[in-house]
Amino acid sequence: MAGGSREPGRTVTSKVLAILEAFETSRSALSLTDIADKSGLPLSTTHRLVNELTDWGLLSREPNGRYQLGIRLWELAQNTGRQLRDAARPFVQDLFSLTGETAHLAIRAGHEVLYIDRVYGSKRVPRASRVGGRLPMHATAVGKVILAFEEDWVRDAYLNRDLERPTAHTHIDPRRFAEELGQIREQGYATTMEEVRLGSCSIAVPVFHTGRIGAAIGLVLPSSHASTMTRHLPVLKGISAQIERATARIPLETLIGVHRGAKD
């Protein structure tokens, strides 16, 4: 029994992580039974571990007895990608100020794109991402442009996966998507049109770090602006170059602070 666990094959750490992961896709508070069901743990084990996590501030208990992620977990999470976020924040803000559109910065985390920073515009655009949120790489402009400039083996591994389809417009045919990635490498930017949410489009450019792809910076706009979004390319490329210069002396692994291997 791993780590003294009474359940064969499951350590205490794996149980704690399963409890925290139960909140990953839920935006509302969960009951103890909900957490047990989502984590696959017995109710008694869930009760004990949830109480300990609440004592540590990693979970918080509402007056109605339901639970949500605690402020302590949020505080710890702020250190993830902090160097990149802190260095790039003024430039992400500049991008928003110069375009008036929702601007964001993202990196690759396994098979997904992870949003490090975001400044929201005032225009009504369907929201698909948030800071700390993840989305499929093939459905987002930031994800596509990162993937286009990644090493061949990373692209090949991604294309060998079953690609999910958030909307009817998402490109999921591996051969056609590989051709699209080649075009993105040639033109230096990526776009999407209602591929992750209906009503929105996006455009993104790569942010390099000592010759390697490090991140991507992009804009999200209403889909009615799709035909004119390339007018923002000069600003996007200028902001990308500024971030590259600002972060050049920080090692990439230290800068992003995220394991970039495949997510289990």
Side-chain angles (χ1 to χ4, degrees), residues 1-82 84-85 104-118 127-140 142-143 146-147 154 157-158 161-166 170 196-197 215 253 256-264:
M1 297 185 185
S5 169
R6 294 182 181 178
E7 295 173 58
R10 299 198 74 173
T11 64
V12 173
T13 301
S14 72
K15 295 175 187 177
V16 169
L17 292 175
I19 288 173
L20 295 177
E21 196 171 47
F23 292 87
E24 188 174 12
T25 57
S26 177
R27 296 192 176 184
S28 58
L30 300 176
S31 68
L32 202 61
T33 302
D34 292 334
I35 299 170
D37 289 342
K38 287 176 176 288
S39 64
L41 297 172
L43 190 59
S44 58
T45 302
T46 303
H47 183 266
R48 174 174 57 82
L49 293 177
V50 163
N51 281 343
E52 291 185 29
L53 290 170
T54 302
D55 290 342
W56 278 92
L58 300 180
L59 295 179
S60 65
R61 189 175 187 273
E62 297 184 343
N64 61 6
R66 299 175 75 86
Y67 294 86
Q68 62 181 347
L69 295 177
I71 193 69
R72 180 60 178 152
L73 190 63
W74 178 84
E75 291 171 343
L76 293 172
Q78 295 308 296
N79 289 317
T80 301
R82 183 172 185 172
L84 175 58
R85 186 174 64 249
H104 54 213
L105 178 73
I107 62 172
R108 180 177 71 83
H111 293 309
E112 297 169 307
V113 63
L114 173 65
Y115 290 87
I116 297 296
D117 199 8
R118 181 171 246 230
R127 293 185 182 182
S129 66
R130 67 188 191 282
V131 175
R134 296 170 181 248
L135 286 173
M137 297 187 74
H138 63 281
T140 63
V142 285
I146 290 173
L147 199 56
V154 176
Y158 194 91
R161 302 173 64 247
D162 291 329
L163 304 182
E164 59 186 286
R165 195 170 208 169
T170 311
V196 72
R197 285 286 188 276
E253 290 72 17
I256 62 177
V258 172
H259 174 56
R260 299 183 66 175
K263 183 181 179 182
D264 295 331

Throw together a table of side-chain donor-acceptor distances under 3.5 angstrom for residues 60-69, partners on residues two or more places apart or in other chains.
{"from": "R61", "atom 1": "NE", "to": "Y67", "atom 2": "OH", "distance (Å)": "3.3"}
{"from": "N64", "atom 1": "OD1", "to": "R66", "atom 2": "N", "distance (Å)": "3.0"}
{"from": "R66", "atom 1": "NE", "to": "A29", "atom 2": "O", "distance (Å)": "3.2"}
{"from": "R66", "atom 1": "NH2", "to": "A29", "atom 2": "O", "distance (Å)": "2.9"}
{"from": "R66", "atom 1": "NH2", "to": "D34", "atom 2": "OD2", "distance (Å)": "3.2"}

Could you pull out every donor-acceptor pair under 3.5 Å between side chains of residues 36-44 and any protein atom, sequence neighbours left out?
{"from": "S39", "atom 1": "OG", "to": "I35", "atom 2": "O", "distance (Å)": "2.7"}
{"from": "S39", "atom 1": "OG", "to": "A36", "atom 2": "O", "distance (Å)": "3.4"}

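Atom-to-atom distance recorded for F23:CZ and L73:CG is 10.0 Å, nearest 0.5 angstrom. Rounding to the nearest 0.5 Å places OG1 of T45 at 11.5 Å from NE2 of H47. The CG atom of L105 sits 6.5 Å away from the CG atom of D117 when rounded to the nearest 0.5 Å.
The shortest distance between side-chain heavy atoms of L59 and I19 falls below 4.5 Å. For the pair T33/T46, no side-chain contact is recorded, criterion being any heavy-atom separation below 4.5 Å from C-beta on. The side-chain heavy atoms of V196 and T170, taken from C-beta on, include no pair separated by under 4.5 Å.
Side-chain atoms of R108 come within 3.5 Å of backbone atoms of G110 as a donor-acceptor pair (strictly under, hydrogens ignored). A donor-acceptor pair under 3.5 Å links the side-chain atoms of H138 to the main chain of E164, judged by distance alone.
Scanning all heavy atoms of the two residues, the minimum distance from E112 to M137 falls at C-CG, 3.6 Å. Counting all heavy atoms, side chain and backbone alike, A106 lies closest to V113 at CB-CG2, 3.3 Å.
Within 6.0 Å of CG on D162 lie no more than 12 heavy atoms contributed by other residues, nucleotides or ligands.
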